[in-house]
There are 2 protein chains.
Amino acid sequence: MYVGIMQNSGYTIQIMAERCGMTAHTLRYYERVGLIQPVGRAHNGHRRYSDADEAWINFLHCMRATNMPIREMQRYAELRELGDSTSEQRRKILEDHQAAIAEQITQLQQAHALLMHKIANYKAIEQRIRIDQPALSEPEIDCAIESVG
Amino acid sequence: MYVGIMQNSGYTIQIMAERCGMTAHTLRYYERVGLIQPVGRAHNGHRRYSDADEAWINFLHCMRATNMPIREMQRYAELRELGDSTSEQRRKILEDHQAAIAEQITQLQQAHALLMHKIANYKAIEQRIRIDQPALSEPEIDCAIESVG
DNA sequence: GTACATCTTTGAGCGCGCTCAAAGTCAAGG
DNA sequence: CCTTGACTTTGAGCGCGCTCAAAGATGTAC
């Protein structure tokens with residue numbers, strides 16, 4: 001039996017899922033694993049999400065979308081429950097993740113540049129085929145990052 | 001019994017794994033699922049990787065590192081085996097992946113900016129704690145991407 | 001000769017992050 | 001009253017990408 005706050009106002013789980021770009025399944029899962037604190041309920045036991053919940057869920061979504069592991073998000077969520085005294089630990093988590101993001105961006109940018117080259121190479125090959133000189137086509141260049149950077 | 005080319009020169013699987021920043025397990029797995037064509041063997045049946053293999057493996061590594069699914073890499077590898085006539089299809093795959101990379105970069109950059117704000121906010125909270133005015137501390141801001149712009 | 005390292009194969013197992021199935025509750029509509 | 005639909009819970013299942021275990025072959029060192 002649920003003994004928390006009863007509130008018939010707020011977003012339903014479906015609405016919340018749509019607003020945050022995730023599924024109701026995922027919202028329940030996040031609550032189960034402690035990423036979201038037990039949320040308010042309507043008189044019939046159905047979840048009702050507040051705007052504060054939405055802000056937090058959007059934050060979670062943003063962290064997941066940038067490949068923060070669930071475990072680390074759990075750690076962060078736990079610290080958050082403990083209040084301001086955990087500020088430094090939480091900040092460290094965010095700083096670490098920010099660094100991880102920076103690395104990811106670097107990787108992606110290198111790959112993006114590599115693809116520019118390969119795509120240009122394909123266009124050249126197609127052009128050669130188009131003017132009917134297949135005998136002149138070179139072997140494909142499978143250049144890796146280091147041959148680009 | 002293997003009946004391919006016997007070559008005692010080339011890189012061993014361990015060396016290749018180190019050079020490409022992956023494990024020998026993964027190299028065998030990639031060969032099993034068709035991402036890598038059957039590679040040369042020494043007289044004792046051990047794999048021997050060539051420089052051309054290395055270039056291709058580095059490319060695979062780069063695509064995986066930027067979240068191209070194995071399935072799509074398989075599709076690309078198959079087309080590659082079919083020669084120049086598949087150039088356009090392969091180019092499309094690369095262009096699609098390049099677009100996916102661009103989207104990822106955007107997401108990551110937004111998250112990076114969001115973390116800048118949140119980290120600054122944490123520093124402010126810590127500063128307030130340090131000068132012993134905990135009563136003035138505001139509730140944490142869990143601002144999401146949209147509140148960052 | 002015999003240990004040891006390094007490789008081989010095949011199939012199974014695992015960690016992650018959902019995703020779904022089953023069975024049940026409740027409120028509204030016809 | 002009965003159906004419909006949106007929700008609830010719990011536990012199981014799944015897709016992905018490895019990762020490993022087991023059993024065996026081979027080459028080198030002592």
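So you know, we letter chains A, B, ... as the sequences are listed, proteins then strands, and number each from 1.
- Here C/dG17 presents its C1' atom at 11 Å from CG of A/L35, a figure rounded to the nearest Å.
- Checking side-chain atoms of B/E95 against main-chain N and O of A/I119 turns up no donor-acceptor pair under 3.5 Å.
- The nearest whole Å value for the distance from the CD1 atom in B/I57 to the P atom in D/dC18 is 13 Å.
- Counting only distance, with no hydrogens or angles, the side chain of A/T23 and the backbone of A/T26 share a donor-acceptor pair below 3.5 Å.
- Cation-pi check for A/R90 over B/Y122 is not met; the charged atom does not lie both under 6.0 angstrom from the ring centroid and within 45 degrees of its normal.
- Using modelled atom types, no side-chain atom of B/N121 and backbone atom of B/K118 make a donor-acceptor pair closer than 3.5 Å.
- Taking the side-chain hydrogen bond (donor to acceptor under 3.5 Å, both in side chains) definition, one finds that A/Q109 meets it with nothing, sequence neighbours left out.
- When the side-chain nitrogen and oxygen atoms of B/R64 are compared with OP1 and OP2 of D/dC18, one or more of them lie within a distance under 4.0 Å.
- Computed from coordinates, the B/I70 CD1 to C/dC16 P distance equals 19 Å when rounded to whole Å.
- Residues A/I57 and A/M22 form a side-chain contact, since some pair of their non-hydrogen atoms from C-beta on lies under 4.5 Å apart.
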Output a table of nitrogen or oxygen pairs between the protein and nucleotides 26-28 of chain D separated by less than 3.5 Å.
from	atom 1	to	atom 2	distance (Å)
D/dG27	OP1	B/H43	NE2	3.1

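- Judged purely by atom type and a 3.5 angstrom limit, A/Q74 uses its side chain to pair as donor or acceptor with the backbone of A/V33.
- Atoms CG (A/L60) and P (C/dC18) sit 11 Å apart, rounded to a whole Å.
- Regarding contacts with the backbone of C/dT6, every side-chain N or O of B/T12 stays at 4.0 angstrom or more from both OP1 and OP2.
- The two atoms that bring B/I70 and B/Y30 nearest to each other are CD1-CE1, 3.9 Å, heavy atoms only.
- Within the 4.5 Å cutoff, the side chain of A/Y76 has no heavy atoms near those of the A/H97 side chain.
- In this model, the phosphate group of C/dT25 is not approached by any side-chain N or O of A/R41 to a distance below 4.0 Å at OP1 or OP2.
- The side chain of B/R47 places no N or O atom within less than 4.0 Å of a non-bridging phosphate oxygen (OP1 or OP2) of C/dC7.
- Listed by residue number, the members of residues 13-32 of chain B with any heavy atom below 4.0 angstrom from DNA chain D are B/H25, B/T26, B/Y29, B/Y30, B/R32.
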